[in-house]
There are 4 protein chains.
Amino acid sequence: MRKVDPVKHAEKRQEILDAAERCFIRDGFHGATTASICTEAGISPGHLYHYFPSKEAIIGALVDANLKRVAERFAAASAAPSGVVAALVSEVDQKKPKKTRNARLMLLDMFAEAERNPVLAEVIRKHSRGILTLTADLVRRGQDTGEIDRTLDADAVATVLMSVIDGTRLIGIRDPKLETTKTFGLVKTMIARFLAPPPT
Amino acid sequence: MRKVDPVKHAEKRQEILDAAERCFIRDGFHGATTASICTEAGISPGHLYHYFPSKEAIIGALVDANLKRVAERFAAASAAPSGVVAALVSEVDQKKPKKTRNARLMLLDMFAEAERNPVLAEVIRKHSRGILTLTADLVRRGQDTGEIDRTLDADAVATVLMSVIDGTRLIGIRDPKLETTKTFGLVKTMIARFLAPPPT
Amino acid sequence: MRKVDPVKHAEKRQEILDAAERCFIRDGFHGATTASICTEAGISPGHLYHYFPSKEAIIGALVDANLKRVAERFAAASAAPSGVVAALVSEVDQKKPKKTRNARLMLLDMFAEAERNPVLAEVIRKHSRGILTLTADLVRRGQDTGEIDRTLDADAVATVLMSVIDGTRLIGIRDPKLETTKTFGLVKTMIARFLAPPPT
Amino acid sequence: MRKVDPVKHAEKRQEILDAAERCFIRDGFHGATTASICTEAGISPGHLYHYFPSKEAIIGALVDANLKRVAERFAAASAAPSGVVAALVSEVDQKKPKKTRNARLMLLDMFAEAERNPVLAEVIRKHSRGILTLTADLVRRGQDTGEIDRTLDADAVATVLMSVIDGTRLIGIRDPKLETTKTFGLVKTMIARFLAPPPT
DNA sequence: GATGAATGAGACTTCATTCAT
DNA sequence: CATGAATGAAGTCTCATTCAT
């Protein structure tokens with residue numbers, strides 16, 4: 001008799017995820033309550049559980065979606081015809097401050113949560129491996145073209161670059177005033193000098 | 001004649017802080033309960049409040065102590081007679097994996113918490129400014145001796161280096177297997193190339 | 001189509017208030033616990049907070065309802081066609097001893113609580129002003145008909161009468177044995193002599 | 001070897017009672033903590049129990065002392081050579097507002113507490129009986145001299161007068177603005193008319 | 001699907017009282 | 001006498017989750 005309309009179901013699910021993201025950014029993973037998410041999404045508390053089996057599952061889905069988005073953005077940058085180093089450096093660029101802040105908020109909550117939550121940790125590891133592979137390939141391409149120092153280990157370089165980008169994301173907690181174009185520019189300089197082939 | 005023994009009080013306070021740190025590392029700021037801290041410290045639930053007015057105050061004291069320790073360690077490295085770049089790079093070095101992990105756990109919880117807790121945010125900012133000043137001075141010294149590229153802005157360099165170190169600390173969440181000597185070595189290479197004066 | 005049933009909600013809320021009143025009469029505002037109220041109301045500890053944001057709010061609602069009831073009862077008496085003095089005196093009458101005792105218990109807890117709780121104090125003030133106005137009007141009516149001494153200030157008389165009634169309510173604490181028909185009768189005599197126009 | 005100096009002991013005891021009274025007036029019987037009383041009295045928490053076996057005992061002693069003082073003041077007024085009605089009415093007089101307020105605070109807390117505390121209730125009853133006896137005697141004296149209506153039952157009159165005075169004390173909770181000289185004056189008028197012998 | 005009433009474990013905190021020194 | 005460290009029961013309130021309708 002009754003059939004679930006899978007499209008509508010998926011749409012509603014996404015709406016809830018969006019609402020949850022707003023709540024998490026506003027209040028953090030722990031500060032946000034399922035009740036607040038339901039209010040934000042305009043549904044009743046019980047109804048949430050038609051779409052997600054638990055608050056943890058919402059977090060998991062959100063983290064997965066977020067990291068996937070980042071990975072895809074990076075993949076797009078890699079595929080772009082600009083130089084290899086330019087692609088590598090693209091993630092450092094300063095977006096709108098508000099976006100930067102939101103990204104940082106989610107990143108920190110995600111990472112902090114992942115420390116005690118193996119499922120989340122695995123999600124992060126999965127996406128990290130993807131980005132790492134992509135980056136390493138990019139580095140190897142740069143080495144082939146001579147843009148990048150051939151003596152560097154491409155995989156290790158990828159790891160270091162990912163860590164640099166993560167570090168860049170955190171600057172704003174140390175002190176919001178440090179989150180400047182100058183800082184980001186200097187990070188790019190650092191990466192450029194790091195990767196540059198040694199002068200002959 | 002009979003007075004409070006401030007030494008004993010401070011000692012007990014420290015014991016509680018140590019116990020709390022173990023709990024926080026094990027369960028996180030949110031997962032750890034005041035009850036678990038009391039059990040770990042071997043005191044009764046109410047007694048905690050003779051030493052700290054709230055759980056938040058414990059976190060605050062712990063964060064302050066932790067960051068102070070880091071800053072002091074770094075100050076010591078700066079004062080050492082080894083080269084300037086060596087000092088700058090010292091923080092990257094891999095300690096015992098367990099210590100690395102613990103440091104990361106605290107760092108993440110601290111930073112995540114600070115996003116919603118202005119008091120904590122200010123504590124972090126205070127210590128960050130201290131480290132930044134120290135680093136910038138070190139960089140300037142390096143520029144004076146010719147070890148470091150004179151065209152770089154010392155303050156901006158300090159910011160970038162701090163961010164790189166923060167990023168290094170996070171590698172283990174992305175994937176514990178990446179937390180290798182090789183990775184850390186390559187970070188040092190990056191910093192060295194970044195700071196090196198341009199070949200004439 | 002499907003909506004919250006506001007009637008049921010209000011009913012449950014009232015049930016809880018009734019349960020709370022029983023608890024407060026039995027144990028006092030401080031002696032009664034939210035747990036005991038929940039047990040009395042037959043609900044779980046957490047569920048209380050679907051209907052009231054805090055224990056204080058329950059007290060507030062109860063005090064408001066109680067005073068409102070008193071004011072309405074008095075308003076009804078005022079409207080009755082019996083003589084003005086009879087109406088004024090009606091509040092003194094002795095009800096069933098148990099009711100008298102309960103009323104006293106609530107009154108005392110209310111008043112004691114109001115000393116430190118401005119919100120409660122305002123609730124009491126609000127209803128007191130209502131009763132005062134009503135009484136003063138009644139007195140003026142009596143003065144018009146010649147039942148009451150025209151030289152008395154109606155507002156001041158209202159204040160004194162309210163205070164007399166409050167005092168009457170407290171007799172039972174001084175000594176339960178004093179709470180007799182004789183005492184109450186004499187209070188009526190006092191009021192009658194007080195209000196009576198002077199003999200010409 | 002060690003003898004307790006009973007004088008010093010009694011003095012310290014009184015100091016503690018004074019401190020406790022300040023605390024109770026400030027915070028109420030429930031709001032005041034033994035810790036705050038100790039701080040106010042300048043002693044350590046443990047030391048309190050050298051003078052009183054419990055917080056309840058402090059309240060008991062304080063209530064006893066307070067009521068005794070009231071009774072004595074009233075006894076003094078009774079003994080004064082002024083008219084009988086003047087003596088009866090003396091308790092109504094408005095003291096300094098602050099004193100009035102403090103008296104009310106203590107009275108309410110005392111009475112509210114006595115509702116659930118039989119020991120306190122008995123203390124109150126004891127002193128009430130004393131005042132009642134005194135008042136009744138005074139009334140009888142007035143009846144002998146012709147100042148007071150001879151048809152009134154002296155004991156019942158005493159009860160009513162005590163209740164009127166209690167009521168007067170509460171006026172300020174209903175609304176602080178009502179605690180005026182005019183109100184108190186009118187209460188005196190009421191009492192005078194109440195007691196006056198009927199015109200022949 | 002959808003609601004919101006209901007649950008219950010458990011968190012943080014308070015405070016009168018005791019005890020070792 | 002005097003201190004203050006220590007106890008532990010209990011209280012208010014939160015919140016993820018379930019269930020009847």
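Chain identifiers are assigned alphabetically (A, B, ...) following the order of the sequence lines, protein sequences preceding nucleic acid strands; residue numbering begins at 1 within each chain.
No more than 12 heavy-atom neighbours from other residues, nucleotides or ligands sit within 6.0 angstrom of NZ on B/Lys68.
A salt bridge between C/Lys8 and C/Glu11 is absent, with no side-chain N of the basic residue lying under 4.0 Å from a carboxylate O of the acidic one.
For the pair A/Ile43 CD1 and E/dA5 P, the computed distance is 16 Å after rounding to whole Å. Following rounding to the nearest Å, D/Ile58 (CD1) and E/dA16 (C1') show an atom-to-atom distance of 10 Å. Between D/Ile16 atom CD1 and F/dT3 atom C1' there is a gap of 14 Å when expressed in whole angstrom units. Between B/Lys12 atom NZ and E/dA20 atom P there is a gap of 15 Å when expressed in whole angstrom units. Computed from coordinates, the B/Lys8 NZ to E/dA20 P distance equals 13 Å when rounded to whole Å. The nearest whole Å value for the distance from the CD1 atom in D/Ile37 to the C1' atom in E/dC15 is 12 Å. Between the NE2 atom of D/His50 and the C1' atom of E/dA16 there is a distance of 16 Å, given to the nearest Å. Distance, C/Glu11 CD to E/dA6 P: 12 Å, rounded to whole Å.
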Item to check | C/His9 vs C/Lys12, side-chain contact (heavy atoms from CB on, under 4.5 Å): CA-CA, chis, key distance, verdict | outcome: CA-CA 5 Å; C/His9 189 271; C/Lys12 193 84 195 176; 6.0 Å; no
Next on the checklist: Does C/Arg101 form a side-chain contact (heavy atoms from CB on, under 4.5 Å) with C/Lys98? I'd like the steps, not just the answer.
Outcome noted: CA-CA 5 Å; C/Arg101 188 180 131 79; C/Lys98 199 173 173 182; 5.7 Å; no
Checklist entry - Can you check side-chain contact (heavy atoms from CB on, under 4.5 Å) on A/Leu48 and A/Lys55, steps first, answer last? => result CA-CA 9 Å; A/Leu48 185 68; A/Lys55 184 182 174 183; over 6 Å; no
Next on the checklist: Walk me through whether A/Asn117 and A/Phe29 qualify under side-chain contact (heavy atoms from CB on, under 4.5 Å).
Outcome noted: CA-CA 13 Å; A/Asn117 182 332; A/Phe29 282 175; over 6 Å; no
Checklist entry - How would DNA chain F look in dot-bracket form, 5' to 3', counting Watson-Crick and G-U wobble pairs with both distances under 3.5 Å and writing | for bases paired to another strand? => result .||||||||||||||||||||
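Residue contacts shown for C/Leu48 are absent, as no nucleic acid heavy atom lies under 4.0 Å away. Residue contacts shown for D/Phe52 are absent, as no nucleic acid heavy atom lies under 4.0 Å away.
For DNA chain F, no neighbouring residue in residues 112-122 of chain C is found when judged by any heavy atom under 4.0 Å.
Between the side chains of D/His30 and D/Asp109, no donor-acceptor pair of N or O atoms lies under 3.5 Å.
The shortest side-chain heavy-atom distance between B/Asn66 and B/Glu21 falls under the 4.5 Å cut-off. Contact annotation: the side chain of A/Leu17 never approaches that of A/Tyr51 to less than 4.5 Å [non-hydrogen atoms, C-beta and beyond]. At least one side-chain heavy atom of B/Glu115 sits less than 4.5 Å from a side-chain heavy atom of A/Ile173.
Between D/His47 and D/His50, the ring planes are tilted. Angles from 30° to 60° get that label.
Contact between the side-chain N/O atoms of C/Tyr51 and the OP1/OP2 oxygens of E/dA5 is not found at any separation under 4.0 Å. Residue D/Ser44 places no side-chain N or O under 4.0 Å from the OP1 or OP2 atom of F/dG4.
For B/His9 against F/dA5, a side-chain-to-base donor-acceptor contact under 3.5 Å is absent.
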Nucleotide N/O to protein N/O under 3.5 Å, stretch nucleotides 10-14 of chain E:
residue: E/dC12; atom: OP1; partner: B/Lys55; partner atom: NZ; Å: 2.8
residue: E/dC12; atom: OP2; partner: B/Thr34; partner atom: N; Å: 2.8
residue: E/dC12; atom: OP2; partner: B/Thr34; partner atom: OG1; Å: 3.1
residue: E/dT13; atom: OP2; partner: B/Tyr49; partner atom: OH; Å: 2.7
residue: E/dT13; atom: OP2; partner: B/Lys55; partner atom: N; Å: 3.0
residue: E/dT13; atom: O5'; partner: B/Tyr49; partner atom: OH; Å: 3.4

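Atom CG of B/Leu105 is separated from atom CZ of B/Phe24 by 13.0 Å, given to the nearest 0.5 angstrom.
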